[in-house]
Protein chains: 2
Amino acid sequence: MDGKVTPKRTRIQREKRELIREAALEVFSQYGFRGSTIDQIAEAAGMSKPNLLYYFKNKEEIFATLIQRLLETWLAPLKEMDAEGEPQTEIRSYIRRKIEMARDFPRESRLFANEILQGAPRILPMLEGELKALVDEKAAVIGQWMREGKLKKSDPYHFIFAIWATTQHYADFDVQVRAVLGPVRGGEGRFEDAARFLEGLFLG
Amino acid sequence: MDGKVTPKRTRIQREKRELIREAALEVFSQYGFRGSTIDQIAEAAGMSKPNLLYYFKNKEEIFATLIQRLLETWLAPLKEMDAEGEPQTEIRSYIRRKIEMARDFPRESRLFANEILQGAPRILPMLEGELKALVDEKAAVIGQWMREGKLKKSDPYHFIFAIWATTQHYADFDVQVRAVLGPVRGGEGRFEDAARFLEGLFLG
DNA sequence: TTAACGTTTGTCCAAACGGTCAAATTTTGC
DNA sequence: GCAAAATTTGACCGTTTGGACAAACGTTAA
């Protein structure tokens with residue numbers, strides 16, 4: 001009926017496909033889809049171009065599997081925000097998780113940023129569907145917390161946008177952050193500093 | 001001595017060069033440097049590729065003049081922040097100006113974001129030089145205001161980053177913002193809503 | 001051992017790319 | 001009005017790109 005079956009894969013296929021995804025993430029996150037070439041990705045993966053195309057039909061397909069995986073990673077932290085939890089704690093954890101993602105998965109963040117910058121041609125339906133639904137739900141929770149006086153009153157949607165913007169900034173604009181902070185303050189501690197600052201900003 | 005002279009330009013040259021810059025901004029801000037083609041820009045400018053190359057030596061040069069102009073626009077609002085002014089007023093004006101820029105010059109914002117995402121290959125010296133110096137200066141001012149109790153105490157550098165991140169978010173991630181807000185709340189009023197929210201966040 | 005299957009690569013192709021050039025056309029200054 | 005200068009374009013070039021293909025090489029299991 002479906003016509004679409006999960007293809008059986010050998011051990012080598014699973015490993016090589018993962019290797020290619022890793023290389024593609026590196027390249028795509030820096031140059032965007034149009035700015036990246038299959039040759040670049042193949043070289044980063046340590047294989048020939050035809051060999052890479054043995055594992056992925058074409059450039060689009062590599063990008064597609066990357067985006068698909070990215071979206072799950074991306075929605076997870078917000079999904080975890082628990083309506084039954086302590087508001088301050090929930091927001092604090094959310095900020096922490098997002099800053100950790102900026103620190104540990106900057107390439108994923110940049111890939112996402114690149115896609116949005118270009119008008120989100122491949123993920124617009126998901127933004128208007130799944131993401132909007134999730135944000136609507138969580139914004140309602142946050143709004144309730146605000147009405148209960150557990151959080152300072154403001155617009156829940158823009159509150160969420162502000163957390164996204166500030167946390168992802170440390171991944172997407174990392175070069176600028178380090179340039180401005182200089183070698184001393186721009187070291188590894190910058191993410192911890194950022195986390196503390198943002199907790200104060202959003203919860204203070 | 002200098003060897004570099006401002007070339008004399010005819011009326012047509014001035015007009016056409018401006019036309020090309022406008023078209024190039026449109027294209028580069030969406031696809032980045034590597035992802036954009038001269039043909040795309042030429043078409044957007046309504047002329048043939050050779051004709052475009054009559055006005056600009058090559059792709060790099062178009063991009064360079066765009067970046068150069070962008071940087072001036074970009075630093076202006078922060079420069080205007082006045083150490084002698086009323087702290088609350090100065091911060092509020094700064095946020096307003098930045099939100100207005102996100103609304104009125106989204107392409108410039110995206111061009112900048114694109115450049116930083118790719119590691120700022122063409123403007124890193126400026127970030128480490130001029131920008132760092134400016135931020136150092138203004139962070140000192142903000143730090144003084146905080147010590148005087150005119151602003152809530154926090155880290156002045158991350159305070160500035162947070163203003164950048166949140167305001168530019170409304171230009172760079174506009175597609176996402178509109179997708180999440182939906183057709184009703186995502187209308188023209190979203191920038192005014194954002195401005196009010198951000199004033200509360202940073203000054204409340 | 002060997003046949004079947006999975007993997008890898010050199011070679012090739014057409015389209016797209018950045019850029020050149022000479023010839024044709026238009027504008028300008030006298 | 002006309003010559004010089006400025007502008008525009010079609011045709012072209014070498015390179016890069018995404019992708020196809022068949023032949024060669026490895027692996028596996030009967």
Side-chain angles (χ1 to χ4, degrees), chain A residues 5-68 111 114-115 118 121-122, chain B residues 5-68 111 114-115 118 121-122:
Chain A
V5 198
T6 309
K8 284 178 200 156
R9 302 213 200 276
T10 65
R11 175 184 53 85
I12 291 184
Q13 278 178 0
R14 269 181 275 112
E15 287 173 4
K16 289 294 170 80
R17 281 174 65 96
E18 191 52 40
L19 184 71
I20 291 167
R21 264 191 285 261
E22 162 66 23
L25 176 59
E26 188 72 30
V27 176
F28 279 138
S29 67
Q30 235 185 77
Y31 301 107
F33 183 77
R34 290 212 41 188
S36 305
T37 73
I38 299 184
D39 274 309
Q40 273 180 296
I41 300 171
E43 201 198 321
M47 62 178 69
S48 66
K49 182 170 63 170
N51 196 9
L52 186 151
L53 286 167
Y54 170 72
Y55 292 105
F56 286 93
K57 190 159 86 261
N58 53 34
K59 196 174 151 183
E60 293 270 359
E61 199 189 285
I62 310 172
F63 194 83
T65 75
L66 227 50
I67 284 279
Q68 192 185 343
L111 183 68
N114 243 317
E115 178 67 8
Q118 295 181 13
R122 286 161 254 264
Chain B
V5 199
T6 310
K8 283 178 200 157
R9 303 213 199 277
T10 65
R11 174 185 54 85
I12 291 185
Q13 278 177 0
R14 267 180 277 112
E15 287 173 6
K16 289 294 170 78
R17 281 176 63 97
E18 190 53 40
L19 184 72
I20 291 167
R21 263 191 285 261
E22 161 67 23
L25 176 59
E26 187 72 30
V27 177
F28 279 137
S29 67
Q30 233 185 78
Y31 301 108
F33 183 77
R34 290 212 41 185
S36 304
T37 73
I38 300 184
D39 274 310
Q40 272 180 297
I41 300 170
E43 202 197 320
M47 63 178 69
S48 66
K49 182 170 63 170
N51 196 9
L52 186 151
L53 287 167
Y54 171 72
Y55 291 105
F56 287 91
K57 189 158 87 261
N58 53 34
K59 196 174 151 183
E60 293 269 1
E61 200 188 284
I62 309 173
F63 194 83
T65 76
L66 228 49
I67 284 279
Q68 191 185 344
L111 183 68
N114 243 316
E115 178 68 7
Q118 294 181 15
R122 286 160 254 263

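Order of the sequence lines fixes the chain letters, A, B, ..., with proteins taken first and strands second; residue numbering starts at 1 for each chain.
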Exercise. Whole-Å distance between D/dT7 P and B/Leu53 CG?
Worked result: 15 Å
Seminar exercise, completed: Ranking D/dT9, D/dG18, D/dT8 by distance to the side chain of B/Lys16, first place goes to D/dT8
Problem set entry | Residue pair A/Arg34 / B/Thr37, side-chain heavy-atom distance below 4.5 Å | yes
Exercise. How far apart are the C-alpha atoms of A/Phe33 and A/Glu60, what are their side-chain angles, what is the distance that settles it, and do they pass the side chain to side chain contact (heavy atoms under 4.5 Å, CB included) test?
Worked result: CA-CA 8 Å; A/Phe33 183 77; A/Glu60 293 270 359; 3.9 Å; yes
Problem set entry | Verdict with reasoning, A/Phe28 to A/Ile62, per side chain to side chain contact (heavy atoms under 4.5 Å, CB included) | CA-CA 10 Å; A/Phe28 279 138; A/Ile62 310 172; 4.2 Å; yes
Problem set entry | B/Ile38 CD1 to C/dG19 C1', straight-line distance once rounded to whole Å | 7 Å
Exercise. Quick one: B/Asn51 CG to C/dT26 P, roughly how many Å, whole number?
Worked result: 13 Å
Exercise. Atom OH of B/Tyr54 and atom C1' of D/dG10: how far apart are they, to the nearest Å?
Worked result: 18 Å
For this session: Test side chain to side chain contact (heavy atoms under 4.5 Å, CB included) on A/Asn58 and A/Glu61 and set out the steps.
Result: CA-CA 5 Å; A/Asn58 53 34; A/Glu61 199 189 285; 3.6 Å; yes
Exercise. Looking for any heavy atom pair under 4.0 Å, which part of the strands does A/Lys49 touch: base, sugar-phosphate only, or nothing?
Worked result: base
Exercise. From the list C/dT7, C/dT20, C/dG18, which nucleotide is the closest neighbour of the side chain of A/Gln13?
Worked result: C/dT7
Seminar exercise, completed: Per atom distances to the A/Thr37 side chain, the nearest of D/dG18, C/dG19, D/dT8 is D/dG18
Problem set entry | Rounded distance (Å) that lies between atom C1' of D/dG18 and atom CG of A/Leu52 | 12 Å
For this session: Using whole Å, report how far CE of B/Met47 lies from P of D/dA6.
Result: 18 Å
For this session: Record whether the side chain of B/Lys57 comes under 3.5 Å of the base of C/dG19 through a donor-acceptor pair of N or O atoms.
Result: no
Exercise. Rounded to the Å, how far apart are B/Lys59 NZ and D/dT15 P?
Worked result: 18 Å
Problem set entry | Sub-4.5 Å side-chain heavy-atom contact between A/Arg21 and A/Leu25 | no
Exercise. Within the pair B/Tyr55 and D/dT8, is there a side-chain N or O less than 4.0 Å away from OP1 or OP2?
Worked result: yes
For this session: Starting at atom CZ of A/Arg17, determine the distance to atom P of C/dT8, rounded to an integer number of angstrom.
Result: 14 Å
For this session: Look at A/Arg34 and C/dC17 and indicate whether a side-chain polar atom (N or O) is within less than 4.0 Å of OP1 or OP2.
Result: yes
